[in-house]
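All remarks here apply to the structure that follows.
Here the structure is a predicted model, which means the values were calculated and not measured.
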Amino acid sequence: MGKMLRGKSKISFICFAASLLMLSFIFGGCSQGADNSKFRVGLECAYAPFNWTQTDDSNGAVPIEGGGFAGGYDVEIAKLVAAGLNKELVIVKTEWDGLLPAVTSGKIDAIIAGMSPTADRKESIDFSDNYYYSDLVIVVMKDGPYAGAAGLGDFAGAMITGQLNTFHYSVIDQIPDVSMQTAMDDFPTMIVALTSGRIDGYVSERPGAISAAESNPNITFIEPNPGFQYEPDDAAIAIGLKQGSPLLSDINKVLGGVSIDERERLMGQALINQPNE
């Protein structure tokens, strides 16, 4: 009798374990489906007008994972792409240097952060078709010694910097006799350095320079002529993806449906909506 009971208990245990395993597959599948329904996008949220952080959802800003809201041109592009992919957009605020590791590790699905598809970056990640193109300018003080500069040669001796790990910084040595300063982490830091007199200028894409000038009346920018030499893709903006990402083709289809006029309209609106702080 005791043996039969133990046998019955063993059979019951096996059935119970099998049921648990089945449930784990069911709920595991649901969990994976939920994750697959989200489009996790990494960006600094500190590079107006491409992206910024704000305190509410005004002007179409999107919640940031962990708190706050993100707005800007990149966010509008991310919203269009997420809708085209039929996924829920999740904004993951990420430091610039952390963006490539985040996408290669799978922490995020895409980088939509004003990032240029440079040759160096293409060695580690894939890029979508370009969704914006700009040119390089030098941001200076309106009352500073370089406010009247025309070509790169007029910046000889100037203390110039750019953002760390960007091609903006790599072109500075094209300025004759420039005093190349240590690269800085982000654009707010460079603006503070400029307005405090620690640097004479920094290299930026035009939209970022317009943003800085509109939020600070003492700042202007120079489009040097002759200007910097660089590859066309270096001044383009594209979406960064993990190599071999299955999203690439669908993302390109979405971007292909956004006209140049619409892209310029979105950038113009971002310049209007950007915080003035």
Side-chain angles (χ1 to χ4, degrees), residues 39-47 49-51 72-82 84-85 87 89-137 161-174 180 183-187 190 202-209 227-258 260 263 266-267:
F39 182 49
R40 295 175 60 80
V41 173
L43 56 160
E44 290 175 282
C45 302
Y47 181 30
F50 287 98
N51 53 78
Y73 180 77
D74 288 330
V75 175
E76 294 303 315
I77 293 296
K79 287 160 68 174
L80 291 174
V81 172
L85 297 175
K87 293 177 181 288
L89 176 61
V90 178
I91 297 295
V92 183
K93 189 171 184 177
T94 309
E95 294 295 327
W96 179 259
D97 281 354
L99 288 170
L100 264 66
V103 79
T104 55
S105 68
K107 179 181 178 182
I108 58 175
D109 298 310
I111 300 168
I112 307 183
M115 181 173 281
S116 300
T118 62
D120 285 346
R121 292 185 185 126
K122 286 180 178 179
E123 292 180 0
S124 57
I125 64 174
D126 290 339
F127 281 95
S128 71
D129 295 336
N130 298 332
Y131 66 88
Y132 199 75
Y133 185 84
S134 185
D135 54 351
L136 291 184
V137 299
T161 190
Q163 188 179 23
L164 183 68
N165 292 330
T166 65
F167 94 100
H168 305 166
Y169 189 71
S170 68
V171 301
I172 294 174
D173 59 8
Q174 295 181 24
M180 191 171 180
M184 298 187 179
D185 288 336
D186 52 45
F187 282 79
M190 289 190 288
Y202 65 85
V203 178
S204 170
E205 290 161 336
R206 181 183 296 273
F228 296 107
Q229 300 297 310
Y230 46 83
E231 294 297 321
D233 271 355
D234 289 346
I237 304 297
I239 296 174
L241 301 160
K242 186 176 182 178
Q243 288 182 337
S245 171
L247 298 176
L248 180 58
S249 177
D250 288 338
I251 286 176
N252 281 337
K253 288 178 182 177
V254 175
L255 294 178
V258 185
I260 294 176
R263 298 178 194 201
L266 290 173
M267 178 57 77

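The side-chain contact (heavy atoms from CB on, under 4.5 Å) test applied to L241 returns A110, I239, S245, L248, I251, not counting sequence neighbours. Partners of K93 according to the side-chain contact (heavy atoms from CB on, under 4.5 Å) rule, which considers only residues two or more places apart in sequence or in another chain, are C45, T53, I64. Every salt bridge (charged side-chain N to carboxylate O under 4.0 Å, His left out) that K122 has, sequence neighbours left out, goes to D233. Y131 meets the side-chain hydrogen bond (donor to acceptor under 3.5 Å, both in side chains) test with D74; sequence neighbours excluded. Checked against side-chain hydrogen bond (donor to acceptor under 3.5 Å, both in side chains), D186 has the following partners two or more places apart in sequence or in another chain: T189. Every residue was checked against the salt bridge (charged side-chain N to carboxylate O under 4.0 Å, His left out) condition with K242, not counting sequence neighbours, and none meets it. The salt bridge (charged side-chain N to carboxylate O under 4.0 Å, His left out) search around D120 returns none, not counting sequence neighbours. The side-chain contact (heavy atoms from CB on, under 4.5 Å) check on V103 picks up I108, I111, I125, with sequence neighbours excluded.
Taking both residues in full, the closest heavy atoms of S124 and L100 are given as OG-CD2, 3.5 Å, listed atom of the first, atom of the second, then distance. Taking both residues in full, the closest heavy atoms of F50 and I237 are given as CE2-CG1, 4.2 Å, listed atom of the first, atom of the second, then distance. Taking both residues in full, the closest heavy atoms of L99 and G42 are given as CD2-C, 3.5 Å, listed atom of the first, atom of the second, then distance. Among all heavy-atom pairs drawn from Y133 and P232, the shortest one is CE1-O, 3.0 Å. Nearest heavy atom pair, residue V81 against residue F39, reads CG1-CE2, 3.6 Å.
Using a 4.5 Å heavy-atom cutoff, the side chains of E231 and T118 are not in contact. Side-chain contact between K253 and S249: present, with at least one pair of heavy atoms (C-beta onward) separated by less than 4.5 Å. Taking the side chain as every heavy atom from C-beta outward, E205 and Y47 approach each other to under 4.5 Å. In this structure, the side chains of T94 and L43 stay at 4.5 Å or more apart for every pair of heavy atoms. Using a 4.5 Å heavy-atom cutoff, the side chains of Y73 and P207 are not in contact. S128 is listed as a side-chain neighbour of L255, based on a closest heavy-atom distance under 4.5 Å.
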Next item on the list: Please assess V92 against V41 for the test side chain to side chain contact (heavy atoms under 4.5 Å, CB included), listing each intermediate value before the final yes or no.
Entry: CA-CA 6 Å; V92 183; V41 173; over 6 Å; no
Checklist line | Chi angles and distances behind the side chain to side chain contact (heavy atoms under 4.5 Å, CB included) call for L266, L80 | finding: CA-CA 11 Å; L266 290 173; L80 291 174; 4.1 Å; yes
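Annotation: Q243, atom CD; neighbour count of heavy atoms from other residues, nucleotides and ligands within 6.0 Å is above 12.
Of the possible polar contacts, one joining the S116 side chain to the A236 backbone as a donor-acceptor pair under 3.5 Å is found. For the pair N130 (side chain) and A238 (backbone), a donor-acceptor distance under 3.5 Å is absent. Checked by atom type and distance alone, the side chain of R40 never pairs as donor or acceptor with a backbone atom of L89 at under 3.5 Å.
Here CG of D234 is found 11.5 Å from CD of Q229. Values are rounded to the nearest 0.5 Å. Summarising the geometry, atom OH belonging to Y202 is positioned 11.0 Å from atom OG1 belonging to T161; distances are rounded to the nearest 0.5 Å.
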Donor-acceptor pairs under 3.5 angstrom involving side-chain atoms of residues 162-169: please list them, not counting sequence neighbours.
from	atom 1	to	atom 2	distance (Å)
Q163	NE2	E44	OE2	3.1
Q163	NE2	D185	O	3.0
N165	ND2	D97	OD1	2.7
N165	ND2	D97	OD2	3.3
T166	OG1	Q163	O	2.7
T166	OG1	H168	N	3.4
Y169	OH	Q181	O	2.7

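The salt bridge (Lys or Arg N to Asp or Glu O under 4.0 Å) pairs that include a residue from residues 126-136 are D135-R206, where partners are two or more places apart or lie in different chains.
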